Amino acid sequence: MADLLRNLNEAQLAAVTLPSQHALILAGAGSGKTRVLTTRIAWLLSTAQVSPAGILAVTFTNKAAREMLTRLTAMLPVNTRGMWIGTFHGLCNRLLRAHHRDAGLPQSFQILDSQDQLAAVKRLLKAGNIDDEKFPPRNVQWFINGAKEDGLRASALETTDDYSRHMAELYAAYDAQCQREGVVDFSELLLRSFELLSANQPIREHYQRRFRHVLVDEFQDTNNLQYRWLKLLAGDGAKLFAVGDDDQSIYAFRGANVANMAAFEREFKVENLIKLEQNYRSHGHILDCANGLITRNSKRLGKSLWTDAGEGEPVRIYEAMTDGQEAQWMLEEVRSLVAEGYSRSDIALLYRSNAQSRVLEHALFSAGVPYRVYGGLRFFERAEVKHALAYMRLLDNPGDDGAFLRVVNFPARGIGARSLEMLQDAARAGGTSLYDAASRMTGAAGVKLAGFVGLIEKMRRDTARLSLKELVEHLTEVSGLMAHYAVEKEGQERIENLRELVNAAAAFLAEEGVAQDLPSSAGLNQLSAEDSPDQTEVGNALVSADVVLAPGEVTALTPLAAFLSHASLEAGENQAGEGETAIQLMTVHSAKGLEFDAVFITGLEEGLFPHENSITEMEGLEEERRLMYVAITRARKRLYMSFTQSRMLHGQTRYNIRSRFFDELPEGSVKWLTPKVRASAPSGSGRYDRWGSGSLSFDDASPSLARDADSGRLGLADQRAAQKFDRGVSYRIGQSVRHARFGDGVVVNIEGSGNDARAHINFGREGLKWLALSVAKLEAIN
DNA sequence: TCGGTTCAGAGTATT
DNA sequence: TCTGAACCGA
């Protein structure tokens with residue numbers, strides 16, 4: 001036990017060993033948050049304050065849940081089986097499987113991912129003949145999920161106008177459709193289990209009694225429903241241990257509500273607010289930049305990172321002419337870092353939006369430097385994998401209309417839109433699933449549809465005795481998927497993915513099998529003993545529930561159904577790592593939680609970072625600043641920040657001024673690699689104009705500049721090229737200027753000469769202005 | 001039912 | 001500029 005607590009700093013120790021009370025741990029970036037969380041669990045267990053069954057720990061990602069479990073088992077030889085450690089969605093899934101009847105669901109309900117959900121909404125709109133111009137499927141989906149996150153069913157919505165009334169109707173129809181088909185979307189998992197707990201007193205009290213300690217990771221990312229779910233589960237007895245960092249709240253756009261932190265402190269009368277401020281990741285200058293920046297935010301719980309690792313190197317700042325040149329500079333820095341001994345996998349290139357990766361990739365690719373881009377399609381989201389999964393879903397549940405439609409004509413079986421329309425009408429008229437209706441169809445379409453139903457039935461018979469792995473293997477062949485991709489131009493990769501799906505099924509089975517061989521019986525006994533007081537009260541439902549819960553998820557399900565929910569809840573890796581150590585490219589959002597020796601934050605320009613859309617949002621700028629804070633705190637030893645004067649975006653060259661964030665960094669901690677020019681966005685509350693209308697394309701004005709700049713570094717050639725456009729006035733494109741009223745700006749274009757000369761100047765938030773050079777009082781500032 | 005063309009829209013993302 | 005979705009002709 002002493003081992004457990006060794007090497008914890010004072011604050012960490014205080015958090016880990018808190019008495020049984022509600023607690024809020026404000027854990028700064030790199031302050032050992034996961035360590036505190038896992039050590040807290042280990043402490044509670046090893047001091048016998050709680051048994052494994054009394055622990056519930058919840059995270060947002062599968063990765064975080066795995067990490068917690070791995071660290072915990074390394075820390076003490078505990079049977080983790082009795083604990084509930086997982087994602088919100090994973091735990092809700094568990095709860096609903098165990099009490100499916102009380103929750104009003106079939107036991108093997110399937111889970112729709114966002115793609116599936118959107119498809120379901122589209123199908124609904126089509127069936128109801130709804131104008132999808134007036135009600136775009138995405139908006140409907142967004143509306144439904146938003147309502148669910150507020151804990152509201154369609155019937156509970158306040159409808160004030162036609163639009164919201166219509167939306168509510170669609171929501172109700174969507175829910176009915178899901179219920180009919182036996183499927184559940186992500187937000188439904190949360191809401192349904194919330195409703196289960198609130199409506200069913202025995203079940204609620206059982207869990208409230210069972211869980212003594214509820215621990216939450218990344219608390220700042222919880223949405224309203226998740227917070228209410230936690231409150232309900234904790235009840236009066238359990239102690240909530242919430243760990244989070246309000247400065248790293250960057251997911252407001254998907255419903256996260258930082259205010260939950262303050263609400264928690266207030267509602268649970270938290271006496272123990274512990275701040276973890278010692279940072280074990282970054283050098284001093286990097287932290288100084290992070291602190292300097294984040295103190296500009298007004299609504300903070302307050303926290304300041306420090307380190308005893310020394311100040312390290314200053315943060316390097318670079319100004320480029322073009323995005324191409326920024327990439328080129330980055331490439332050369334990367335090369336010299338590698339030459340210095342940095343591992344490529346310890347170097348990250350971060351950007352605000354995905355579109356920015358192209359230029360960077362281009363530079364790396366041309367130079368033959370291995371790199372890896374995060375994001376994009378993940379394994380279980382690939383079309384071919386989803387097709388195979390749809391066949392499996394149909395085997396498991398013929399009522400799954402979404403799965404039916406996905407594969408009824410894939411590979412092509414001559415069942416076109418016409419036949420399907422007739423089928424859908426028939427199904428609606430008869431109140432049956434498409435699958436059931438298919439066997440009753442007449443005519444030519446009926447023959448083909450009957451053929452499909454026959455295929456599925458035969459599959460079901462032929463796979464009845466097969467293992468999950470063999471089932472998947474069989475299915476991919478018999479469905480015709482393999483044959484279809486074999487002749488397709490780029491089908492080889494898809495075939496590989498289907499083979500990988502077979503492997504995934506085998507691996508899933510193996511894991512489940514191992515899980516059952518491990519001391520699961522001991523775990524079960526322990527658990528039943530723990531729970532025995534409840535059993536009399538609650539009855540058999542819970543005994544069976546805990547049989548489901550104890551040996552890991554979903555063991556009471558068929559392997560097929562279990563694998564399908566695994567596929568929905570864990571989307572898998574995106575693209576294999578390829579083994580080679582590679583430079584890491586990702587958005588700042590995806591970098592959260594990661595750390596690297598060297599980090600480049602690129603594209604730090606007004607309009608990009610902070611993003612222009614954020615300016616009009618409530619507290620959008622503060623969220624952008626937190627995003628920047630997250631980016632900075634990813635770096636251990638070396639941090640670069642760069643911006644460019646011009647950038648190709650949406651096929652147009654935009655002239656940007658550097659991000660205001662540069663002016664929020666302490667001067668003593670940064671080092672400008674290019675001369676620092678005083679040309680930032682003016683402060684104040686001006687409106688942020690969109691660019692576009694008045695912007696000039698580099699290609700129109702300066703083919704040679706564009707070419708030179710693209711090919712490499714900013715050299716004399718570029719300077720000279722830029723000067724070509726100096727039309728006898730002392731300004732050039734890209735020149736930074738200062739105006740008494742508009743503040744600092746960048747010259748974007750110059751027209752005319754002599755007395756007629758006028759310049760188009762981007763003043764950032766003041767917008768783009770044409771100014772007559774003979775009249776305007778402009779001061780050149782570089 | 002397919003392939004090609006056209007058009008709009010382009011921020012961040014886990015489950 | 002690039003992508004995905006919608007649409008049209010064979």
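Any value given below was found using the heavy atoms of this structure, including those in side chains, with hydrogens, waters and symmetry copies removed. Quick note on labels: first sequence line is chain A, next is B, and so on, each numbered from 1. Because the structure is predicted, anything quoted here is derived from the model rather than measured.
- In this structure, A/D221 reaches neither bases nor backbone, as no heavy-atom distance under 4.0 Å exists between it and the strands shown.
- A donor N or O paired with an acceptor N or O is found under 3.5 Å between the base of B/dG11 and the side-chain atoms of A/E617.
- Judged by the 6.0 Å and 45° rule, A/R626 forms no cation-pi pair with A/Y629.
- Closest-nucleotide positions on DNA chain B for A/I250 and A/G416 were compared, and the one nearer the 5' end corresponds to A/G416.
- When rounded to the nearest whole Å, the span between CZ of A/R625 and C1' of B/dT12 equals 17 Å.
- Across all strands shown, A/N62 has heavy atoms under 4.0 Å from sugar-phosphate atoms exclusively, and none from any base.
- Rounded to whole Å, the distance from CG on A/L190 to P on B/dT14 is 17 Å.
- Using a 4.0 Å cut-off, some side-chain N or O of A/R378 falls inside it from OP1 or OP2 of B/dT15.
- Considering only the side chain of A/H611, B/dG11 comes nearest among B/dT15, B/dT12, B/dG11.
- If you take CG of A/N613 and C1' of B/dG9, they are 12 Å apart, rounded to a whole angstrom.
- Using the six-membered ring where Trp is involved, A/Y485 and A/F410 have ring planes that are tilted, between 30° and 60° apart.
- When the C1' atom of C/dC2 is taken as reference, atom NE2 of A/H362 falls 15 Å away, rounded to whole Å.
- The phosphate of B/dG11 has neither OP1 nor OP2 within less than 4.0 Å of any side-chain N or O from A/N354.
- Taking atom P in both C/dG4 and B/dA13, one finds a spacing of 16 Å when rounded to whole Å.
- You'll find that the side chain of A/H650 is closest to C/dT1, out of B/dA13, C/dT1, B/dT15.
- A/F380 does not carry A/R378 over the face of its six-membered ring by the limits of under 6.0 Å from the centre and within 45° of the normal.
- When the P atom of B/dT14 is taken as reference, atom CE of A/M586 falls 12 Å away, rounded to whole Å.
- Relative to the six-membered ring of A/F609, A/R660 misses at least one condition, a distance below 6.0 Å or an angle of at most 45° to the axis.
- Stacking between A/F60 and B/dT15 is absent: the aromatic ring centre is not both under 5.5 angstrom from the base six-membered ring centre and within 30 degrees in plane angle.
- Within 4.0 Å (heavy atoms only), A/E624 reaches at least one base atom of the nucleic acid.
- Taking atom CD of A/Q248 as the reference point, atom P of B/dT14 lies 16 Å away to the nearest angstrom.
- Residue A/T587 places its side chain closer to B/dT12 than to any other of B/dG11, B/dT14, B/dT12.
- Note on ring orientation: taking the six-membered ring where Trp is involved, the planes of A/H589 and A/F253 are perpendicular (angle over 60°, cut-offs 30° and 60°).
- For A/F404 and A/F452, the distance between ring centers is under 6.0 angstrom.
- One atom, CG of A/L118, and another, C1' of C/dG4, lie 13 Å apart when rounded to the nearest Å.
- Contact annotation: A/R358 reaches the phosphate of C/dC2 (side-chain N/O to OP1 or OP2, under 4.0 Å).
- Atom CD of A/Q356 is separated from atom C1' of C/dC2 by 15 Å (rounded to the nearest Å).
- If you check distances only, the side chain of A/T87 never reaches the base of B/dT14 with a donor-acceptor pair under 3.5 Å.
- When the side-chain nitrogen and oxygen atoms of A/S590 are compared with OP1 and OP2 of B/dA13, one or more of them lie within a distance under 4.0 Å.
- Residue contacts shown for A/L112 are absent, as no nucleic acid heavy atom lies under 4.0 Å away.
- A/Y251 comes within 4.0 angstrom of sugar-phosphate atoms only, judged by non-hydrogen atoms across all strands, and of no base.
- Which of B/dT12, B/dT15, B/dT1 sits closest to the side chain of A/F253 comes down to B/dT12.
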